[in-house]
Amino acid sequence: MRKYIFILYFLSASIFSIAKDYNVVLEGAVADGKTLDTKCVQACIDRANADGGGSVIIPAGKSVTVGTLYLKSNVTLTVENGATLLASPDIKDYTLDTHKNMYKNEPHMDRAFLFAREAENIHINGGGKIDGNGYFKNFKKNTGRPMMIRMMHCSNIRINDIKLYNPAAWTSAFLYCDRITVSGIEIVSRVNNNGDGLDFDGCTNVRVSDSYFDTSDDSICLQASDPAYPCKYVTVTNCNFTSKWAGIRIGLLSRGDFESVAVNNCTFHDIKDAGLKIQMNEGGKMRHMTFSNLVMKNVPRPIFMTFAQQKACVDAPEEMYSMNKMESFTFQNFIVDNTELDENSAIFITGMPGHDIGQIILKDFQLYFKGGGSAELKDKVVKEYTLETLAGWWPEFHLVGTLPASGVYARHIEGLYMENIHLNIETPDARQPFIFNDVKNYAVDRCYWNKKPVDFPLSQ
């Protein structure tokens, strides 16, 4: 009987390839946190790929130091619980063939730590830590700052149960990829500037869930740097965000289209700039997005939306982009507590004269703001985001400053519906609670200011 079992096992092993494990320490890595083990780890990746698939393991209790690694098809990079995959502190250990950063004027972020191109079935997991070692003492703008992860034209990517800490630049950039699943990760990116969390550029079928973000720049960013590659079919759920800049940014790099995005069941706290920062300015179309069941604390702009013109992409054409379309957004069931902030707390949504944002729904909001706006602000004229006022940079809030509304300022919109909005102001505020400026075809139902119904229209 045993003879037949052995024969069956032998035949099945011959027909089906069996994935192998490659423990980098057993394969020759020194793993002392100092010695450069790039060649050994890369050799394990290459062998796993050549064998048709396998796992490259950074074992528990070890710290393996490497420069640029090239991830390949059907390979799982497993950093075990208690292990660290540590980036080299020397910029010379990062190669020059890992594509580039797609933002203009930022070539210092062209290099990458983990890179993949035209690969499929890549998996990063294990419960351990990937540490970018990105401290200022190691990487500065004038020397170069490698991104932690960059993948380009890849498919079926899974990143789960891993800690991504201390990148020298962005934590990740996924360019023109399809089928990405991220779950159960931690990103802490505070040791250098521009520390984005997850950046999806022209990607489709993206799912992010059950993860924690503590970032020095946008925690999640959806982009579209190439008109041939739209960013669409994206879901974000059950995540916690804190950031020196935005929680979730959509746009800015926006030469391509954006469509079908759903964000729900998330918390945002101690965000410096905006919870949801949605910006269309490079000629693409943006539409069909929903944001629901979000709780925010100390987030000065829970929603910040702009429709303007500006070049952000390194591959921008010489001529300025024409404005296309931005429409169909639903925001529902928000609780925002900004009572510890100043009078700059507000929802700010603005198009351009003759270029409206279309079809916006705000429903079921509880807003708790500090207030304190002065009488001088009541009649303030808010600057437009024109090419002149932008002066070659992004449409940021500081260009317009404190708003004349204490709750919602909406401008250049075609079709705005607000229902069951409760605005609570803690200290006296001379400003109007809601201001509509060039808003057409709007409807308002059950909106309250300090528990009293608000009569519309309130316009400037």
Side-chain angles (χ1 to χ4, degrees), residues 240-243 246-249 263-278 289-306 329-350 357 360-374 377-378 380 382 397 400-411 413 416-437 439 442-460:
N240 309 116
F241 300 98
T242 182
S243 174
I248 297 177
R249 184 203 284 270
V263 177
N264 64 80
N265 299 345
C266 296
T267 66
F268 300 70
H269 71 92
D270 299 309
I271 306 285
K272 182 178 178 180
D273 184 50
L276 303 174
K277 193 168 185 178
I278 306 171
M289 300 184 183
T290 179
F291 307 85
S292 61
N293 302 337
L294 305 184
V295 179
M296 302 186 184
K297 183 175 177 62
N298 296 335
V299 181
R301 278 156 296 286
I303 302 170
F304 179 30
M305 297 180 65
T306 65
F329 301 86
T330 295
F331 305 88
Q332 184 170 6
N333 201 15
F334 279 46
I335 297 177
V336 182
D337 180 357
N338 284 343
T339 54
E340 297 177 11
L341 302 181
D342 59 20
E343 68 274 9
N344 285 298
S345 299
I347 292 172
F348 184 29
I349 304 173
T350 178
I357 301 174
I360 298 175
I361 296 173
L362 304 177
K363 185 177 180 181
D364 300 331
F365 275 54
Q366 295 184 50
L367 306 174
Y368 300 88
F369 290 170
K370 181 73 172 180
S374 65
L377 290 169
K378 185 175 181 180
K380 175 183 176 179
V382 181
F397 180 76
V400 298
T402 307
L403 297 170
S406 60
V408 177
Y409 186 93
R411 178 175 65 180
I413 298 173
L416 173 60
Y417 179 59
M418 289 175 43
E419 179 184 348
N420 197 29
I421 310 297
H422 297 255
L423 173 62
N424 304 279
I425 302 296
E426 188 173 79
T427 59
D429 196 306
R431 298 171 295 174
Q432 297 183 41
F434 308 103
I435 290 180
F436 291 179
N437 183 346
V439 176
Y442 67 84
V444 179
D445 183 25
R446 294 181 295 140
C447 289
Y448 303 87
W449 182 23
N450 287 344
K451 301 181 181 179
K452 297 180 180 179
V454 177
D455 294 328
F456 281 78
L458 300 176
S459 58
Q460 187 183 49

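Taking the six-membered ring for Trp and thresholds of 30 and 60 degrees, Phe329 and Phe331 have nearly parallel ring planes, at less than 30 degrees apart. Relative orientation of the Tyr448 and His422 rings is parallel, given thresholds of 30° and 60° on the angle between their planes. Relative orientation of the Phe397 and Phe348 rings is perpendicular, given thresholds of 30° and 60° on the angle between their planes.
Leu423 is not listed as a side-chain neighbour of Val454, based on a closest heavy-atom distance of 4.5 Å or more. In this structure the side chain of Tyr409 never reaches within 4.5 angstrom of the side chain of Arg431, judged on heavy atoms. For the pair Phe334/Ile347, no side-chain contact is recorded, criterion being any heavy-atom separation below 4.5 Å from C-beta on. Using a 4.5 Å cut-off on side-chain heavy atoms (C-beta onward), Val444 and Phe434 make no contact.
Here Thr339 contributes atom OG1 and Phe369 contributes atom CZ; the two are 10.5 Å apart, rounded to the nearest 0.5 Å. The CD1 atom of Ile360 sits 4.5 Å away from atom CD1 of Ile349, with the distance rounded to the nearest 0.5 Å. To the nearest 0.5 Å, atoms CG (Leu276) and CZ (Phe268) are separated by 5.0 Å. To the nearest 0.5 Å, atom CD of residue Gln332 and atom CG of residue Asn420 are 9.5 Å apart. Annotation: the span from Asn240 atom CG to Thr267 atom OG1 amounts to 3.5 Å, rounded to 0.5 Å. To the nearest 0.5 angstrom, Lys277 atom NZ is 14.5 Å from Ile303 atom CD1.
Across all their heavy atoms, Lys378 and Pro404 have their closest contact at O-CB, 3.7 Å. Between Pro433 and Ser406, the shortest heavy-atom contact is CA-OG, 3.3 Å. Ile271 approaches Phe241 most closely through the heavy-atom pair CD1-O, 3.9 Å. For Gly372 against Thr427, the heavy-atom pair with the smallest separation is N-OG1, 3.3 Å. Between Ala274 and Phe304, the shortest heavy-atom contact is CB-CB, 4.0 Å. Here the shortest heavy-atom pairing between Leu403 and Ala346 reads CD1-CB, 3.9 Å.
Checking each of Val382, Leu377, Asp342 against Thr402 for a side chain to side chain contact (heavy atoms under 4.5 Å, CB included) leaves exactly one that passes, namely Leu377.
Listed for the Asn424 side chain is no donor-acceptor partner under 3.5 Å among the backbone atoms of Asn450.
A salt bridge does not link Lys370 with Glu343: every distance from a Lys NZ or Arg NE/NH1/NH2 to an Asp or Glu carboxylate oxygen is 4.0 Å or more.
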Just distance, no hydrogens or angles: give the donor-acceptor pairs under 3.5 Å from side chains in residues 290-301, sequence neighbours left out.
residue, atom, partner, partner atom, Å
Asn293, OD1, Asn333, ND2, 2.6
Asn293, ND2, Asn265, OD1, 3.1
Lys297, NZ, Asp337, OD2, 3.2
Lys297, NZ, Glu340, OE2, 3.4
Asn298, ND2, Asp270, OD1, 3.0
Asn298, ND2, Glu340, OE1, 3.3
Arg301, NE, Asp273, O, 3.1
Arg301, NH1, Asn344, O, 3.4
Arg301, NH2, Asp273, O, 3.1

